[in-house]
2 protein chains.
Amino acid sequence: MSQVSQKSQHIPRATIERLSVYLEILANLKAEGIEVVSSEQMAAASKSNASQIRKDLAYFGEFGVRGMGYYVKDLMQSITSSLGIDREWRAVLVGIGNMGRALLTHKAIPARGYRIVGAFDSDPNKIGTRINNFEIYDIARLPDMVHELNAEIGVIATPPDKAQAVAEYMLQAGLHGILNFASMRLTVPADVYVEYVDFLHHLYALSFKISLAKIR
Amino acid sequence: MSQVSQKSQHIPRATIERLSVYLEILANLKAEGIEVVSSEQMAAASKSNASQIRKDLAYFGEFGVRGMGYYVKDLMQSITSSLGIDREWRAVLVGIGNMGRALLTHKAIPARGYRIVGAFDSDPNKIGTRINNFEIYDIARLPDMVHELNAEIGVIATPPDKAQAVAEYMLQAGLHGILNFASMRLTVPADVYVEYVDFLHHLYALSFKISLAKIR
């Protein structure tokens, strides 16, 4: 089992957000058989700048090749092990609407080491059916099954008005990490981490930039 | 038509991201008939702190009620008009897989003033069918139809390997704003804005926090 390094405890949130972009680029380079990448190439691919990249990657030790760049494979390994994500993470998914189905069939999730090990809903018409090899279980079974399935992450893809009740099932089940796709803030104890996937702020940001461009 | 104020041109990105949370909270308060909210209440609901809230909201003029808080309705109006989003924004959606279907049926999108006015795919089995009152059009018709539909935003919900080609159709169509759900960086000219909805970084952040909590 991996262990998070002391140094990486201080990685800023903004750096962690950029790391997912870097990992994406590194994974593509690796797939193309490219072994070394410069910070300038990383900058071009990530729409960032080379000094930002060098600063972010400095958290992951000395993987630079003087005057050339970074070893793709070593850098990927260093980032994932520093973040403690170089292992399988098991997640349960609650809410099998369109968003839930999209997540069950999403190829990028298992490709990054995240495995959905159980799918749950409260709709009797959905319980017992199968989607993409997943049997849909009754949400009432969540607290018991999380332990059995050895899951650490709960994913909420329900309508907003169901999200808090689902979060409470997840707390009962002993989960400490929730990824919430529902447009609803959750109330949870301080030792439970919630990440919100909120695409509305991206729409706001786009509108804002388009509006600004028009008046310039 | 709304106009972005001079002052709001300097709103930091991090503030804009938090605004979507504030707007969510304000919309819920308004729905409950609550007229005034304190920065402390906003802080509790948004998992932020009151001084951050006051700093963020200072971009939107003087809407505080001394010793009480903010007028819910006025503050919402001020935020949306400052961002230039207090009008309808028309978007076209490309890629009618599970994610695309989830977006076509997502209630929060029209509730925030964003209207999907056209849905496109390249699959002959999907073209001409209807989903939730949307006819699915051939992607080849996108450049012509964007003008006719008066759309300003393009939403990409295709597999990653199709995303760049779709972006190029969108550029041909004259769109300057793209919301990209595909796990793929896009290459676009400098006057085109792309926002990436990347839930993988939220999974990385969760794993990282869970790992850190275990070693503390």
Side-chain angles (χ1 to χ4, degrees), chain A residues 2-4 8-9 11 13 16-17 19-21 23-25 45-47 83-85 89 91 97-99 101-102 104-109 112 114 152-153 159-160 176-179 181 183-185 191 193 195-213 215, chain B residues 2-4 8-9 11 13 16-17 19-21 23-25 45-47 83-85 89 91 97-99 101-102 104-109 112 114 152-153 159-160 176-179 181 183-185 191 193 195-213 215:
Chain A
S2 63
Q3 182 145 335
V4 179
S8 64
Q9 293 186 35
I11 300 175
R13 172 66 199 228
I16 291 176
E17 294 193 8
L19 291 177
S20 68
V21 174
L23 285 172
E24 192 76 38
I25 294 166
S46 63
K47 320 285 173 211
L83 294 183
I85 59 175
W89 287 83
N98 286 303
M99 184 62 76
R101 280 167 208 267
L104 284 178
T105 55
H106 205 292
K107 292 191 183 79
I109 298 174
R112 298 310 181 289
Y114 294 88
E152 292 173 282
I153 292 174
H176 286 267
I178 295 175
L179 182 67
F181 283 84
S183 303
M184 179 59 67
R185 295 278 117 181
D191 64 341
Y193 306 107
E195 289 281 323
Y196 296 89
V197 183
D198 178 5
F199 63 85
L200 291 167
H201 83 247
H202 293 287
L203 279 173
Y204 293 143
L206 265 187
S207 310
F208 182 50
K209 288 173 186 172
I210 294 170
S211 295
L212 276 184
I215 58 166
Chain B
S2 64
Q3 183 143 333
V4 179
S8 64
Q9 292 186 37
I11 300 174
R13 173 65 199 228
I16 292 175
E17 294 192 8
L19 291 177
S20 68
V21 175
L23 284 173
E24 192 76 38
I25 294 166
S46 64
K47 320 286 173 209
L83 293 183
I85 58 175
W89 286 84
N98 285 303
M99 185 62 76
R101 279 167 209 268
L104 285 179
T105 55
H106 206 292
K107 292 191 184 78
I109 298 174
R112 298 312 182 288
Y114 294 89
E152 292 173 281
I153 293 174
H176 286 267
I178 296 175
L179 182 67
F181 283 84
S183 303
M184 179 58 69
R185 294 279 118 179
D191 64 342
Y193 307 106
E195 290 282 323
Y196 295 89
V197 183
D198 178 5
F199 62 86
L200 291 167
H201 84 248
H202 292 288
L203 280 172
Y204 293 143
L206 266 186
S207 310
F208 181 50
K209 288 173 187 171
I210 294 169
S211 296
L212 276 184
I215 59 166

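What you are looking at is a predicted structure, and each value in this text was computed from that prediction instead of being measured. All chains are named by letter (A, B, ...) in the order of the sequence lines, taking the proteins before the strands, and each is independently numbered beginning at 1.
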Rounded to the nearest 0.5 angstrom, the CG-CG distance for Leu179(A) and Leu200(B) is 9.5 Å
For Tyr196(B) and His202(A) the tightest heavy-atom approach is O-CE1, 3.2 Å
Here the gap from Ser183(A) atom OG to Lys107(B) atom NZ, rounded to the nearest 0.5 Å, amounts to 11.0 Å
Bottom line for Arg185(A): the part with an atom under 4.5 Å from chain B's heavy atoms is side chain
Under 4.5 Å to a heavy atom of chain A? For Ala91(B) that would be neither
Chain A shares the most heavy-atom pairs under 4.5 Å, among Ile25(B), Asp191(B), Ile178(B), with Ile178(B)
Report task. Using modelled atom types only, decide if a donor and an acceptor are shared between the side chain of Tyr114(B) and the backbone of Leu203(A) within a distance under 3.5 Å. Result -> yes
In terms of heavy-atom contacts, Ile153(A) and Ser207(B) come closest through CD1-OG, 4.3 Å
Honestly, the part of Leu104(A) sitting under 4.5 Å from a heavy atom of chain B is neither
So CZ of Arg101(B) and CZ of Arg101(A): to nearest 0.5 Å the spacing works out to 9.5 Å
Glu152(B) and Ile210(A) have their tightest heavy-atom pair at O-CD1, 3.9 Å
Output for pair (Leu206(A) CG, Trp89(B) CH2), nearest 0.5 Å, gives 8.5 Å
In terms of heavy-atom pairs under 4.5 Å with chain B, the winner among His106(A), His176(A), Met184(A) is His106(A)
